Amino acid sequence: QSQLVESGGGLVQPGGSLTLSCVVSGLTFDFYTIGWFRQASGKEREGISSINSSAGSEYYADSVKGRFTISRDRAKTTVYLQMNSLQPEDTAVYFCAAAPYWVVPGQWDEYKYWGQGTQVTVSS
């Protein structure tokens with residue numbers, strides 16, 4: 001069975017940093033584009049960052065560009081999201097998801113497999 005499991009969420013002060021992890025199992029890791037999404041209370045889910053199967057292409061939404069960094073580790077079948085300079089508006093449930101390798105980073109359809117989400121709260 002296929003699983004994506006997020007971890008690393010929690011409470012952080014404004015201006016702080018947090019790293020999220022997404023461990024992928026039951027899939028051939030190198031055949032999938034991986035994306036990070038978030039959903040704030042009362043708002044629609046939005047795609048914020050994604051990385052292709054070879055780690056040669058990345059996408060960042062304008063709201064996180066320059067603050068967040070996505071990466072993937074083939075040996076650990078894990079995708080990371082390093083989040084810096086966090087602000088209260090970053091508060092949301094964060095999800096990782098997998099799409100077939102032909103999905104270009106920045107496209108948000110065809111994501112078939114999803115994690116359970118991890119809560120990130122930015123507050124003083």
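Please read these numbers as outputs of a predicted model, since none were measured by experiment. Atoms considered below: every heavy atom in the structure, side chains included; atoms not considered: hydrogens, waters and symmetry mates.
- Y113 and Y32 have perpendicular rings, their planes meeting at more than 60° on a 0 to 90° scale where under 30° would count as parallel.
- For E46, the side-chain hydrogen bond (donor to acceptor under 3.5 Å, both in side chains) criterion is met by R38, not counting sequence neighbours.
- The side-chain hydrogen bond (donor to acceptor under 3.5 Å, both in side chains) test applied to T69 returns no partner, not counting sequence neighbours.
- For L86, the side chain to side chain contact (heavy atoms under 4.5 Å, CB included) partners two or more places apart in sequence, or in a different chain, are V12, L18, F68, M83, D90, V122.
- Counting only heavy atoms from C-beta outward, the side chains of T118 and L20 approach each other to under 4.5 Å.
- Between the side chain of S53 and the main chain of T33, no donor-acceptor pair closer than 3.5 Å is present.
- For the pair R72 (side chain) and V79 (backbone), a donor-acceptor distance under 3.5 Å is absent.
- To the nearest 0.5 Å, atom OG of residue S85 and atom CZ of residue R67 are 7.0 Å apart.
- Within 6.0 Å of CD in E89 there are more than 12 heavy atoms belonging to other residues, nucleotides or ligands.
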Side-chain polar contacts of residues 22-30 - donor-acceptor pairs under 3.5 angstrom, sequence neighbours left out - could you list them?
unit_1 : atom_1 : unit_2 : atom_2 : d
D30    : OD2    : R74    : NE     : 2.7
D30    : OD2    : R74    : NH2    : 3.3

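- For residues 10-19, the set of pairs meeting the salt bridge (Lys or Arg N to Asp or Glu O under 4.0 Å) definition, not counting sequence neighbours, is empty.
- Nearest heavy atom pair, residue I48 against residue W108, reads N-CH2, 3.9 Å.
- Residues meeting the side-chain hydrogen bond (donor to acceptor under 3.5 Å, both in side chains) test with E110, sequence neighbours left out: W102.
- For Q119, the side-chain hydrogen bond (donor to acceptor under 3.5 Å, both in side chains) partners at least two apart in sequence or on another chain are T121.
- Among residues two or more places apart in sequence or in another chain, the side chain to side chain contact (heavy atoms under 4.5 Å, CB included) test is passed with S7 by S21.
- Judged by a 6.0 Å distance limit and a 45° cone about the ring axis, R45 is positioned over the six-membered ring of W114.
- For the residue pair E6 and Y94, the shortest heavy atom distance occurs at OE2-O, 4.0 Å.
- Shown here for G9 and V120, the closest heavy-atom pair between the two residues is CA-CG2, 4.1 Å.
- Of the N and O atoms on the side chains of T78 and D73, not one donor lies less than 3.5 Å from an acceptor on the other residue.
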Please tabulate, for the side chains in residues 55-66, all donor-acceptor contacts under 3.5 angstrom to protein atoms that are two or more places apart in sequence or on a different chain.
unit_1 : atom_1 : unit_2 : atom_2 : d
E58    : OE1    : Y60    : OH     : 2.9
Y60    : OH     : I70    : N      : 2.9

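- The salt bridge (Lys or Arg N to Asp or Glu O under 4.0 Å) contacts involving residues 16-28 comprise nothing, where partners must be two or more places apart or lie in separate chains.
- Looking at heavy atoms from C-beta onward, Y111 lies out of side-chain contact with Q107 at the 4.5 angstrom threshold.
- In this structure, the separation between CD on Q116 and CD on Q3 is 9.0 Å, given to the nearest 0.5 Å.
- Closest approach of G35 and S50 over heavy atoms only: CA-CB, 3.8 Å.
- Counting only N and O atoms by type, the side chains of T19 and Q82 include a donor and acceptor under 3.5 Å apart.
- In this pair, Y101 and F31 present their aromatic rings tilted. The plane angle is within the 30 to 60° band.
- For the disulfide bond (SG atoms under 2.5 Å apart) condition, no pair includes a residue of residues 33-74, sequence neighbours left out.
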